[in-house]
K.L.:
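Structure provided below as C-alpha cells; questions to follow.
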Amino acid sequence: MKRALTFLAFVAVIGILWESLVALGAWREVLLPRPSSILRYLAHAFLDGSLAEAAIVTARRLFMGYAIGIATGLPLGLLTSRFAIARDSIGVVALGLQTLPSVCWVPIALLWFGQTEAAMLFVVVMGTTWSILLATEAGVRSLPPVYLRAARTMGSKGLHTMFRVLLPAALPAIVSGLKQGWAFAWRSLMAAEIFVTILTGFGLGHLLHYGRELHAMDQVLGVMAMIVAVGLLAEQALFGPLERWLRVRWGLLG
Amino acid sequence: MTEVSQELAPVSPSKLTVRGVSKSFPGRSGTVLALDEVDLEVSEGEFVCILGASGCGKSTLLSLVAGLDAADKGEILTDGRPVVGPGRDRMVMFQDAALFPWRTAMGNVLFGLELKPNLDRAARREVATYYLGLVGLSRFAGASIHELSGGMRQRVALARALAPNPSVLLMDEPFAALDAMTREKLYGDLQEIWRKRRKTIVFVTHNVREACVLADRVVLMTPHPGRMRSSFDIELPRPRDINAENIAALARRISKKLEAMGGEGST
C-alpha cells in the first residue's frame, strides 16, 4: 500500500511538473502534449468505445497466438529435453530463431498471408513458441536427477514419467518460461499491428499507428499508456495467481 | 481388486546376493573403477550396514542393487532371480529425501501406490495413511514438502519407500544431512519399524556409530577401487542406544580396523 502511494505521488509530481512546463511554453505541444490533453483523449476514447474495442481485438489476437505458442512450444520443449536427436535438430533451430526479433517475421508474414489475421497470428506465434520451447527444455534438463531415479524405483516410466514427474517438477521453470513467452507475444503483436494494416479488426497497435499518421500526439501517448496498462494487467491477472500457488506448494519460485 | 489388509500383509523379506560385481565410470583422467569384484550376501530380513568413506563405491553398489544402473561384470540376485532393472520389490531411500515438492506428504506416499495395479483410490489412500501413521506423520498428510523439517522429510521418504511393500529396502545415507538429535530419534523409530515390518535392509553410511546402532552386520568398504573388506556381526540386544557404552566400544574397534585398512569413518 505504501509503495503504491509512493508511486502515485511520483506520478503526480511528474504530471504537475510536465503540465506547468508546457503551460510556460518550454516546448511545442505538437511534439509533446500536456498530460491533461492525453487524459482528455483517453476519456473521450473510453466514452465512444473505440479504446475498449481496440483492446478487445488486441487481446483476442494475443490469447490466440499465445495459446498456439504454448501448444507448440511446450511439447517440443519436452521432446528436446528428452531426446538428443530432437535437441540437435529442433533445439538448435529454436535457439537461432529465438534471437530473431519478432518484427523480422512481418515481411514474410505479409508475403505469405497478405494483410490478414493469419499474418498477425503467425508473427505472434513465431515470437512466442521458441522462447517457451527453450524455457521448457532448460527447466526439464536442470532437474535434479534424483527425481527421475526415485520415480523409476517406484515403477514410473515413459509417458507416466513425462507427465507425472518431469512436467510438474519443471513447472516453476516452465511458468517463468511462459511469462517470458507472454512478454514476447505481447511485443510481437504490437509490432504486427503497427506494420500489418488490416480491415478485420482495429487493435491498439493500429490506433497507435493512425495516431502517428494523423499526427495526433495525444492519441499516440494515450494509446502507449493504454498498452502499458493492458500488459501489466494481463500479466498480473494471468501469472499472479499461478505464481502465488507455486509459492505455496513449492515454497519458492524457481 | 486387492484387499487393503492383503496389501498391508507383511511380505517375506528377500535374500540378496551380489557376486563378483564390478563397475567403472568414465572420469576426467581415464576410467575410475568404482567397484572391484564385490561380493555380498544378505540373508532374509537381515539389516546390513555398508560402511566406508565417501567415494568407496557404496552408493554405486546400492544403485546397482536398485537396478538404476547396470553392472559391468558379475551378477545381482534377489531370491535367486537376477536384477535387470528397478522393481517394486526393492525400494530406495535417498540421502536428500528426493520427495516431490509438487505433491503433499500424502501425495508422495501415494506415488508408488498409483503405479501398483489392482488398488483403487480408496484402498491406496488407506494404505498410504497406514504408512504415514507408521512413521508418525498422520497429522501432516496434507502438508507441503517445504513445510516439513529435514527429519520429517526423511520420515515421508521412508513411508514412500515402504508403501509399495518391498521385500528389500535400500537406504543411501538417509540420515547424513540431519542434526544429531533428530537422527537419534530416527534410529529408535527405524529399529521399531523394522521390527514391525520385517524387511531385508541394506543401509549405506560413513557413520560408524550409526552402523553399530542399526545393523545386524557391518561390512567395511575401502575406496580406489571400491572393495569389500571385513565384516562385523553385531549381536547386541535391541533397541540399541547410540550413547550406550557398548556401542561406543564397538564403534572404536571398527574405526580402528577401518583406519588400519586406510579408510576413514566418522564416529
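Values reported hereafter were calculated over all heavy atoms of this structure, with side chains retained and with hydrogens, waters and symmetry mates removed. Residue numbers start from 1 in every chain, and the chains themselves are labelled A, B, ... in the order their sequence lines are given, proteins ahead of strands.
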K.L.:
Using the ring centroid of each side chain, check whether Tyr147(A) and Trp102(B) are separated by less than 6.0 Å.
P.N.:
yes
K.L.:
Please indicate whether Phe25(B) has more than 12 foreign heavy atoms, meaning atoms of other residues, nucleotides or ligands, lying under 6.0 Å from its CZ.
P.N.:
yes
K.L.:
Sort Glu147(B) into side chain, backbone, both or neither according to what part of it lies under 4.5 angstrom from a heavy atom of chain A.
P.N.:
neither
K.L.:
Only pairs of heavy atoms separated by less than 4.5 Å count here; which of Gly112(B), Pro101(B), Ala157(B) has the most with chain A?
P.N.:
Pro101(B)
K.L.:
Does CE belonging to Met64(A) count more than 12 external heavy atoms closer than 6.0 Å?
P.N.:
no
K.L.:
Output the option from Arg160(B), Arg88(B), Lys116(B) having the highest count of non-hydrogen pairs under 4.5 Å with chain A.
P.N.:
Arg160(B)
K.L.:
Could you check whether any side-chain heavy atom of Trp250(A) comes within less than 4.5 Å of a side-chain heavy atom of Ile145(B), counting everything from C-beta outward?
P.N.:
no
K.L.:
Within the 4.5 Å heavy-atom criterion, are Met154(A) and Leu113(B) side-chain neighbours or not?
P.N.:
no
K.L.:
Residues two or more places apart in sequence or in another chain: which of them pass side-chain hydrogen bond (donor to acceptor under 3.5 Å, both in side chains) with Tyr131(B)?
P.N.:
Arg197(B)
K.L.:
Measure across Arg103(B) and Arg164(A) and return the closest heavy-atom pair with its distance rounded to 0.1 Å.
P.N.:
NH2-NH1, 3.9 Å
K.L.:
Between Thr153(A) and Pro86(B), what is the shortest heavy-atom contact and its length?
P.N.:
CA-CB, 4.0 Å
K.L.:
Does Phe195(A), at its CZ atom, have more than 12 non-hydrogen atoms belonging to other residues, nucleotides or ligands within less than 6.0 Å?
P.N.:
no
K.L.:
Which one, Leu68(B), Thr104(B), Leu99(B), leads in non-hydrogen pairs under 4.5 Å with chain A?
P.N.:
Leu68(B)
K.L.:
Counting N and O atoms only, with roles assigned by atom type, does the side chain of His160(A) sit under 3.5 Å from a partner on the main chain of Leu115(B), one being a donor and the other an acceptor?
P.N.:
no
K.L.:
Which bit of Leu170(B) comes within less than 4.5 Å of chain A, counting heavy atoms only: side chain, backbone, both or neither?
P.N.:
neither
K.L.:
Looking at Arg187(A), I want to see if its CZ is surrounded by more than 12 non-hydrogen atoms of other residues, nucleotides or ligands under 6.0 Å.
P.N.:
no
K.L.:
Any chance CD1 of Ile85(A) has more than 12 other-residue heavy atoms, nucleotides or ligands included, within less than 6.0 Å?
P.N.:
no
K.L.:
Which heavy atom of Arg249(A) sits nearest to which heavy atom of Ser144(B), and what is that distance?
P.N.:
NH1-OG, 2.7 Å
K.L.:
Ion pair present between Asp69(B) and Arg149(A), side-chain N to carboxylate O less than 4.0 angstrom?
P.N.:
yes
K.L.:
Might you confirm whether atom CD of Glu117(A) has over 12 heavy atoms from other residues, nucleotides or ligands at distances under 6.0 Å?
P.N.:
yes
